[in-house]
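Accompanying notes for the structure given below.
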Amino acid sequence: MSRIATIEIDGKKYELPIIEGSENELAIDIKKLRGLTGGITTIDPGYKNTGSCESAITFLDGEKGILRYRGYSIEDLAEKANFLEVAFLLIFGELPSVDELEKFHEDIKAQAHVDEDVKKIIDGFPKAAHPMGVLSSLTSALVAFNPASVNVDSEEEMYNAIVRILGKFPVLTAWAYRKQAGFPLEYGDNSLGYVDNFLKMMFKKPAAEYESNQIVVDALNKLLILHADHEQNCSTSTVRIVGSSNAGLFVSLSAGINALWGPLHGGANQAVIEMLEAIKEDGGDTKKYMAKAKDKSDPFRLMGFGHRVYKNFDPRAKIIKVAADEVLEALGVEDPILEIAKGLEKEALEDSYFVDRKLYPNVDFYSGIIYRALGIPTEMFTPMFALGRLPGWIAQWREMRLRKEPIGRPRQVYIGETYRKFISANKR
Ligand code: CMC
């Protein structure tokens with residue numbers, strides 16, 4: 001039986017359908033609200049109560065701490081799959097067969113190069129440029145080197161654009177780092193796996209052999225999988241809304257990279273390490289920083305804590321915390337900030353400020369500690385998040401285009417001046 005919501009405005013009743021998702025989520029469908037009511041709209045800054053789309057990609061239940069990609073639990077995928085399998089799953093909806101995965105990887109490898117002229121653009125950036133800025137610029141710049149727009153009615157063209165960006169993006173990410181590190185811009189080795197090859201592109205030193213380390217490859221596969229999609233977050237919504245104007249895939253992704261950069265979103269992983277370092281430098285006094293986080297007159301927030309949707313725990317953070325211990329032990333790394341992080345988490349979980357507001361460690365709290373142990377510099381943490389999120393952004397862009405969603409164009413409630421007569425400059 002279809003459900004109906006009734007709203008009453010000034011004594012007049014309006015009926016609105018309620019739609020139900022496959023996990024029994026209910027949503028009041030307000031598509032016809034303005035038409036029915038003669039222009040009454042809804043307001044929801046930050047979209048805390050607003051679903052922007054129907055999506056079949058990622059399910060998350062913030063109260064129960066559940067995260068699933070296309071129905072598969074994040075725990076299973078992080079444990080058993082590799083990043084490319086997960087990318088295929090997110091984008092095309094099913095886990096690939098061995099042959100499908102091989103073809104997908106071959107097609108990506110065939111695109112794992114960028115025009116030599118891109119190096120001239122990289123040359124123009126100052127060495128101190130943040131790699132996220134470099135990455136978003138280069139992702140936009142790719143359009144100039146691949147000018148044909150994608151005909152979204154052609155599955156083949158869509159597929160080609162997808163493998164093109166999956167091939168080129170790791171190159172650009174690695175080169176953003178190499179520019180900063182002062183290393184020559186080199187390619188990896190297509191005989192390696194996707195993640196291993198990326199690590200080679202990052203870390204191969206001139207005149208030295210690169211040696212793969214399976215512990216590092218496995219850890220990075222896991223981290224990238226954990227970051228691969230997270231339904232309608234800030235950067236994903238940005239990708240969808242930019243794409244909804246029929247802008248191309250690469251520029252929509254570039255916009256998503258910029259949205260991700262902010263410290264309240266993907267930039268938090270860098271901010272967490274900087275915070276933990278600052279606490280260490282300050283003598284390790286976690287209580288002082290807890291007090292700062294709770295002080296409403298202090299802008300300081302406990303970075304890596306809290307989440308718009310998770311109000312119980314972030315399942316990704318649980319997996320990453322265990323992985324941090326394992327990776328540091330396997331690599332023989334002792335990092336004093338891991339202890340500071342654990343201390344801070346323990347204190348926060350016992351503190352009524354954090355408990356009452358349901359603030360738990362999020363995906364970014366421990367990820368930086370692993371990245372550090374893998375030798376990835378702090379400013380590259382958010383680009384690593386972008387590399388992981390790439391399949392999610394692509395999947396969401398593809399879904400939005402295939403569903404032929406209308407251009408994203410929210411309404412507002414105007415609170416400015418009402419009509420005023422223009423006064424010429426000499427009379428003001
Ligand atoms: N430290 C101290 N207080 C906090 C924190 C924090 N990290 N996060 C939220 N609060 C407080 C906030 O001040 C507010 O208190 P009050 O009710 O007294 O005004 C209350 O908790 C609710 O916070 P909010 O800002 O209204 O919640 P939100 O859903 O708008 O924001 C958030 C979510 C993630 C932006 C926020 O928790 C935050 O800024 N966290 C730190 C940054 C961070 O770790 N971001 C990474 C998010 S996970 C990765 C990703 O997917 O992007």
Side-chain angles (χ1 to χ4, degrees), residues 44-50 57-63 65-67 69 74 132 223-240 256-276 278-279 286-321 341 344-345 347-371 378 381-393 396:
D44 185 20
Y47 311 118
K48 291 191 177 195
N49 300 281
T50 300
I57 301 170
T58 288
F59 171 69
L60 81 82
D61 181 327
E63 266 67 40
I66 294 173
L67 173 61
Y69 299 159
I74 192 65
M132 277 301 270
L223 281 171
L224 295 176
I225 290 169
L226 291 174
H227 286 88
D229 196 47
H230 213 232
E231 48 114 307
Q232 308 312 318
N233 55 84
C234 178
S235 57
T236 301
S237 301
T238 303
V239 170
R240 284 184 87 124
I257 296 167
N258 289 320
L260 185 75
W261 193 359
L264 298 187
H265 191 12
N269 56 14
Q270 176 175 339
V272 168
I273 290 290
E274 286 166 353
M275 174 188 78
L276 294 172
I279 298 175
T286 48
K287 295 213 162 29
K288 177 173 160 190
Y289 287 85
M290 288 286 289
K292 271 167 76 63
K294 294 189 281 180
D295 179 356
K296 291 290 170 200
S297 63
D298 189 328
F300 177 80
R301 280 190 165 199
L302 202 55
M303 299 312 287
F305 261 79
H307 198 276
R308 169 60 62 80
V309 186
Y310 293 120
K311 301 297 174 199
N312 183 338
F313 64 90
D314 180 338
R316 303 167 302 171
K318 268 195 168 179
I319 300 171
I320 290 185
K321 186 180 177 186
L344 214 48
E345 178 185 349
E347 276 176 50
L349 294 182
E350 288 165 1
D351 189 298
S352 60
Y353 174 96
F354 289 88
V355 174
D356 292 350
R357 290 171 178 76
K358 300 186 176 8
L359 302 171
Y360 294 85
N362 59 48
V363 68
D364 290 321
F365 194 62
Y366 287 103
S367 63
I369 294 174
I370 307 187
Y371 287 137
T378 311
F381 292 179
T382 317
M384 301 306 299
F385 192 153
L387 181 65
R389 185 56 55 90
L390 183 67
W393 288 333
Q396 301 272 353

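Every number for a ligand or one of its atoms is a count from 1 in the order of the listing. Values below: all heavy atoms of this structure, side chains included; hydrogens, waters and symmetry mates excluded.
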query: Does the N or O separation between K311 and ligand 1 drop below 3.5 Å for any pair?
result: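 It does not: no N or O of K311 is found under 3.5 Å from an N or O of ligand 1.
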- request: Before signing off on this row, confirm whether F305 and ligand 1 have an N or O atom pair separated by under 3.5 Å.
  value: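 Looking only at distances, the answer is yes, because the N/O contact criterion of under 3.5 Å is met.
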Nearest protein heavy-atom contact for [atom]: which residue, which atom, what distance?
atom                    : result
atom 3 (N) of ligand 1  : Y353 OH, 2.8 Å
atom 49 (C) of ligand 1 : D364 OD2, 3.1 Å
atom 21 (O) of ligand 1 : R357 CD, 3.3 Å
atom 1 (N) of ligand 1  : L302 N, 3.1 Å

[X]: heavy atom below 4.0 Å from ligand 1, yes or no?
X    : value
K294 : no
G304 : yes
N233 : no

query: Considering only heavy atoms, which of K292, H230, K358, K296 lies nearest to atom 13 (O) of ligand 1?
result: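 Among K292, H230, K358, K296, the closest heavy atom to atom 13 (O) of ligand 1 comes from K296.
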- request: Can you sort out the partners of D44 under salt bridge (Lys or Arg N to Asp or Glu O under 4.0 Å), two or more places apart, ordered by chain and number?
  value: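 Residues passing salt bridge (Lys or Arg N to Asp or Glu O under 4.0 Å) with D44: none at all.
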Y289 and F300 aromatic ring geometry - parallel, tilted or perpendicular at 30°/60° bounds: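 Correct class here is perpendicular.
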message: Tell me whether the rings of H230 and H307 are parallel (<30°), tilted (30 to 60°) or perpendicular (>60°).
response: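 Ring orientation, 0 to 90° scale: perpendicular.
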message: Distance alone, cut at 3.5 Å: any donor-acceptor contact between the side chains of D229 and T58?
response: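 Short answer, yes.
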